[in-house]
2 protein chains.
Amino acid sequence: MSPVIPLPVTPADRAACVATEVLRRVGEKWSVLVLALLSERPHGFNELDRAIGGLSRRILTRTLRTLESDGLVSRRETPQRVEYALTGLGRSLLPLIIAIGEWAVEHASELEEARRSAVRGRT
Amino acid sequence: MSPVIPLPVTPADRAACVATEVLRRVGEKWSVLVLALLSERPHGFNELDRAIGGLSRRILTRTLRTLESDGLVSRRETPQRVEYALTGLGRSLLPLIIAIGEWAVEHASELEEARRSAVRGRT
DNA sequence: CCGCATCCGAATGGATACTG
DNA sequence: CAGTATCCATTCGGATGCGG
């Protein structure tokens, strides 16, 4: 729900700003991991909790609520559990995120080198 | 520089976590816009400042420093100005970000509708 | 099993003023 | 021109404990 960027400079820049909105949301710490898990199959709440491990239930709740309100994840309440699943929208976004993950893996060495020279300090 | 996520669950999930690292960085509020501007042509500092407008120079500086230390942007100091430009790495990432922007534009109505039903409150 | 309430520390985003 | 320094507000990530 960030106010986001106020500047439609050129068409390309406008697209960039829109991208930022999405990036900032799925960039929340656990969003992508949850999306990845749900892309395999629907999960219950505690099931996700266990699969991830190392985050408090509060955070998981918030993450799921956010994803749900963005329409990327659906929440279905059944008598014995609550089932979370990817929506069609979420499923359509995932490949783009995976692509970024693959890009990162592919360029891992360059990224790391850049970071190292940065740490050495710019002269 | 976030500590990021500690869990390589499955290969796909690992890719997801790596993606998160990238998303969190380019998800910083002005990163994508700066990248978009630099993709057109190199810019000087104040040139970027004017092109964007509405952000303090401090923020612009931080944004550029971060992008530089990630190897996405280069910084070249000349007698009369400092020139920022996209690196090859940055240029290779940009299309993936643009793709996300296009996805967002394409699904804008669905996104908005999801948000509206979320605001109405879940029953 | 699936949350919500409270409280906290850290990171982000930003305004303003000053500097080589 | 290209920043730095200081200071402040907000948001994010999280620990812990209670509740239907």
Side-chain angles (χ1 to χ4, degrees), chain A residues 1-7 17 20-21 23-34 37-38 42-70 73-85 118 121-123, chain B residues 1-7 17 20-21 23-34 37-38 42-70 73-85 118 121-123:
Chain A
M1 314 310 191
S2 0
V4 200
I5 298 170
L7 289 199
C17 296
T20 297
E21 285 197 59
L23 292 171
R24 293 178 69 78
R25 283 157 180 276
V26 298
E28 280 179 20
K29 190 159 180 182
W30 305 98
S31 299
V32 176
L33 182 52
V34 168
L37 288 170
L38 294 183
H43 283 66
F45 184 88
N46 283 338
E47 202 177 357
L48 284 171
D49 193 15
R50 280 189 304 273
I52 297 180
L55 90 171
S56 57
R57 288 193 301 284
R58 193 184 97 82
I59 302 300
L60 181 55
T61 302
R62 234 181 15 85
T63 303
L64 288 167
R65 288 278 180 277
T66 303
L67 292 174
E68 189 195 353
S69 76
D70 285 339
V73 158
S74 68
R75 178 179 187 277
R76 220 171 51 94
E77 210 158 330
T78 75
Q80 289 312 319
R81 70 175 205 165
V82 178
E83 191 168 271
Y84 292 94
R122 301 185 330 285
T123 335
Chain B
M1 316 311 190
S2 2
V4 202
I5 297 171
L7 289 199
C17 296
T20 298
E21 283 196 61
L23 292 171
R24 293 178 70 79
R25 284 157 179 277
V26 298
E28 279 179 23
K29 190 160 183 181
W30 304 98
S31 299
V32 176
L33 182 52
V34 169
L37 288 170
L38 294 183
H43 283 67
F45 183 89
N46 284 338
E47 201 176 358
L48 283 172
D49 193 15
R50 279 188 304 274
I52 297 180
L55 91 171
S56 55
R57 287 193 301 282
R58 192 183 96 82
I59 301 298
L60 180 54
T61 302
R62 235 182 14 83
T63 303
L64 288 167
R65 289 277 182 277
T66 303
L67 292 174
E68 188 196 356
S69 75
D70 285 341
V73 159
S74 68
R75 177 180 186 279
R76 220 172 51 94
E77 211 157 328
T78 76
Q80 290 311 318
R81 71 175 204 164
V82 178
E83 190 169 272
Y84 291 93
R122 302 185 330 285
T123 337

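Rounded to whole Å, the distance from CZ on R25(B) to C1' on dA11(C) is 13 Å. The CD1-C1' distance, from I59(A) to dG9(C), rounds to 13 Å in whole Å. Protein atom CG of L64(B) is 11 Å distant from nucleotide atom P of dA2(D), rounded to whole Å. Atoms CG (L55(B)) and P (dA15(C)) sit 8 Å apart, rounded to a whole Å. As rounded to whole Å, 12 Å separates atom C1' of dC1(D) from atom CD of E47(B). The CD1-P distance, from I52(A) to dC2(C), rounds to 14 Å in whole Å. Rounding to whole angstrom units, CG of residue D49(B) and C1' of dG14(C) are separated by 13 Å. Note: NE2 (H43(A)) to P (dC1(C)) measures 15 Å, nearest angstrom.
Distance check: L48(B) CG to E83(B) CD gives 10.0 Å after rounding to the nearest 0.5 Å. Taking CZ of R65(A) as the start and CZ of R75(A) as the end, the distance is 4.5 Å to the nearest 0.5 Å.
At dG3(D), one or more side-chain N or O atoms of Y84(B) fall inside 4.0 Å of OP1 or OP2 (strictly under the cut-off). Using a 4.0 Å cut-off, no side-chain N or O of W30(A) falls inside it from OP1 or OP2 of dC12(D). For R24(B) and dC12(D), the shortest distance from a side-chain N or O to OP1 or OP2 is not below 4.0 Å.
Picking from dG14(D), dA2(D), dT12(C) the nucleotide with the shortest atom distance to the side chain of R58(A) gives dG14(D). When distances are taken from the side chain of R62(A) to each of dC12(D), dG3(C), dG13(C), the shortest belongs to dC12(D). Closest to the side chain of R65(A), from the set dT12(C), dG3(C), dG3(D), is dG3(C). Each of dC2(C), dG3(D), dG13(D) was ranked by its minimum atom distance to the side chain of V82(B); first place goes to dG3(D).
R57(A) comes within contact range of at least one nucleobase, with a heavy-atom separation under 4.0 Å. Within 4.0 Å (heavy atoms only), S56(B) reaches at least one base atom of the nucleic acid.
In this structure a side-chain-to-backbone donor-acceptor pair under 3.5 Å is missing from S31(A) to G27(A).
In this structure, T20(A) and V26(B) have side chains that are not in contact, with every pair of non-hydrogen atoms separated by 4.5 Å or more. Under the 4.5 Å side-chain criterion, counting only non-hydrogen atoms from C-beta, T61(A) is in contact with F45(A).
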